[in-house]
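Here's the structure, in structure tokens; my notes come after.
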Amino acid sequence: MIKVEISNISMNYHSLTAETAALADISFGVQEGNFLSIVGPSGCGKSTLLNIIAGLITPSHGKIIINRPHDSSNLLEIGYMFQKDQLFDWLTIWDNVLLGLKINHCITDETKEMVKNLLINYNLWEFRDHHPRELSGGMRQRVALIRTLALSPEVLLLDEPFSALDYQTRLNISDEVYEIIKKEKKTTIMVTHDIAEAIAMSDEIIILSKRPAIIVKHMNLEFGEDFPCPLKRREAPNFRVYFNEIWKELNGNADSK
């Protein structure tokens, strides 16, 4: 089942003197439970596209369709995880994770139990009374993800979610976040500049051109059972093949502009 349908999305920015085309007729679908990454040159409109999918920006043309189960009227369509964890230092981890539920007036015994189970399952329960400043960068990102999952979104959007972390932490947290997303069976769209990160985490990758961005390639990735997680996938024989293919597309596109 296609969970997210992006249909003929175009985006033009207007000023008093000119019109700038950012996206040009972007169309693709994401299967339910799949992890799709969007890569492309800096400034090509990746984050703009993510913001359109989130409903934060209205496109100049086109539409986004999120196919929902018939009994899901109480669920949030989109969960958005930003580059920074956006945790409040004066709140405990428990209060940070419950914040979205409080804002949406969804605090019940059932939702609090669900959040408790998320914290237990992902090794954060013992830190519930700590403050964000007492946690590592990787742990903070896990807290931010659990806060997003607490609202039971249909689709997760990740905007460069690990860019603020050092390289070693980034590798480890990508494994942890991937495990959480797959266990929770979330359909996910991630924007990243990191080709290796995109390959390691994704079921499929979309490559955008320079602005005005079009899709130059939509790749499906296949890794065997011996490579079940991002860190392991980096050791797969076809990892470098995928990397070189994406690198060639990005650089060929840059040379042609």
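Heavy atoms only: backbone and side chains are in, while hydrogens, waters and symmetry mates are out.
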Quick one: does [X]'s side chain have a donor or acceptor within less than 3.5 Å of a partner on [Y]'s backbone?
X    : Y    : answer
D85  : L87  : yes
T187 : G33  : yes
E204 : H218 : no
E77  : E154 : no
K232 : D226 : no
R211 : C44  : no
T48  : K46  : no
T148 : G79  : no
S202 : I199 : no

Side chains of [Y] and [X]: any donor to acceptor distance under 3.5 Å?
X    : Y    : result
T92  : D129 : no
Y122 : E184 : yes
E222 : N238 : no

In terms of ring plane angle, is the pair [X] and [Y] parallel, tilted or perpendicular, where the classes change at 30° and 60°?
X    : Y    : result
F227 : F223 : perpendicular
F127 : H130 : perpendicular
Y178 : F35  : tilted

Which atoms form the tightest heavy-atom contact between [X] and [Y], and what is the distance?
X    : Y    : value
R147 : N96  : CD-O, 3.1 Å
K186 : P153 : NZ-O, 2.8 Å
V216 : S209 : CG1-CB, 3.7 Å
L157 : A54  : CD1-CB, 3.5 Å
A200 : R233 : O-CD, 3.0 Å
A213 : I26  : O-CD1, 3.4 Å

Would you check, one step at a time, whether the test side-chain contact (heavy atoms from CB on, under 4.5 Å) holds for E5 with N67?
CA-CA 8 Å; E5 297 178 64; N67 296 308; 3.1 Å; yes

Is the gap between the ring centers of F162 and Y167 under 6.0 Å?
no

How far does [atom1] of [X] sit from [atom2] of [Y], to the nearest 0.5 angstrom?
X    : Y    : atom1 : atom2 : value
S27  : I6   : OG    : CD1   : 8.5 Å
E160 : T192 : CD    : OG1   : 4.5 Å
S37  : I206 : OG    : CD1   : 10.0 Å
D203 : L221 : CG    : CG    : 7.5 Å
L119 : M114 : CG    : CE    : 10.5 Å
I189 : L49  : CD1   : CG    : 7.5 Å

Test: [X] and [Y] ion pair at under 4.0 Å:
X    : Y    : value
E245 : K217 : yes
D89  : R140 : yes
D95  : R128 : no
K185 : E32  : no

Would the number of heavy atoms belonging to other residues, nucleotides or ligands and lying under 6.0 Å from [atom1] of [X] be above 12?
X    : atom1 : value
D109 : CG    : no
Q168 : CD    : no
K182 : NZ    : yes
W125 : CH2   : yes
H193 : NE2   : yes

side-chain hydrogen bond (donor to acceptor under 3.5 Å, both in side chains) between D166 and T169, intermediate numbers included
CA-CA 5 Å; D166 64 80; T169 301; 2.8 Å; yes

Are [X] and [Y] connected in the hydrophobic side-chain network, where two residues link if heavy atoms are under 4.5 Å apart?
X    : Y    : value
I173 : L231 : no
I120 : V115 : yes
F243 : V241 : no
I103 : L91  : yes
I65  : I78  : no

Is the closest side-chain heavy-atom distance between M81 and L156 below 4.5 Å?
no

Pick one: which of I146, L165, L135 meets side chain to side chain contact (heavy atoms under 4.5 Å, CB included) with Q141?
L165

Does the pair I93 and H131 meet the rule for a side-chain contact (heavy atoms from CB on, under 4.5 Å), with working shown?
CA-CA 6 Å; I93 298 309; H131 290 80; over 6 Å; no

Run the numbers on D159 and S47 for side-chain hydrogen bond (donor to acceptor under 3.5 Å, both in side chains), then give the verdict.
CA-CA 7 Å; D159 186 7; S47 291; 3.2 Å; yes

E197 vs R170, test: salt bridge (Lys or Arg N to Asp or Glu O under 4.0 Å). Steps then yes/no.
CA-CA 9 Å; E197 181 175 87; R170 192 168 177 154; 2.9 Å; yes

Should I64 and I9 be marked as a side-chain contact (heavy atoms from CB on, under 4.5 Å) after you check the CA-CA gap, both sets of side-chain angles, and the distance that decides it?
CA-CA 8 Å; I64 308 294; I9 292 295; 3.8 Å; yes

Evaluate the criterion side-chain contact (heavy atoms from CB on, under 4.5 Å) for residue pair I2 and V30; output intermediate values, then yes/no.
CA-CA 6 Å; I2 293 180; V30 188; 5.9 Å; no

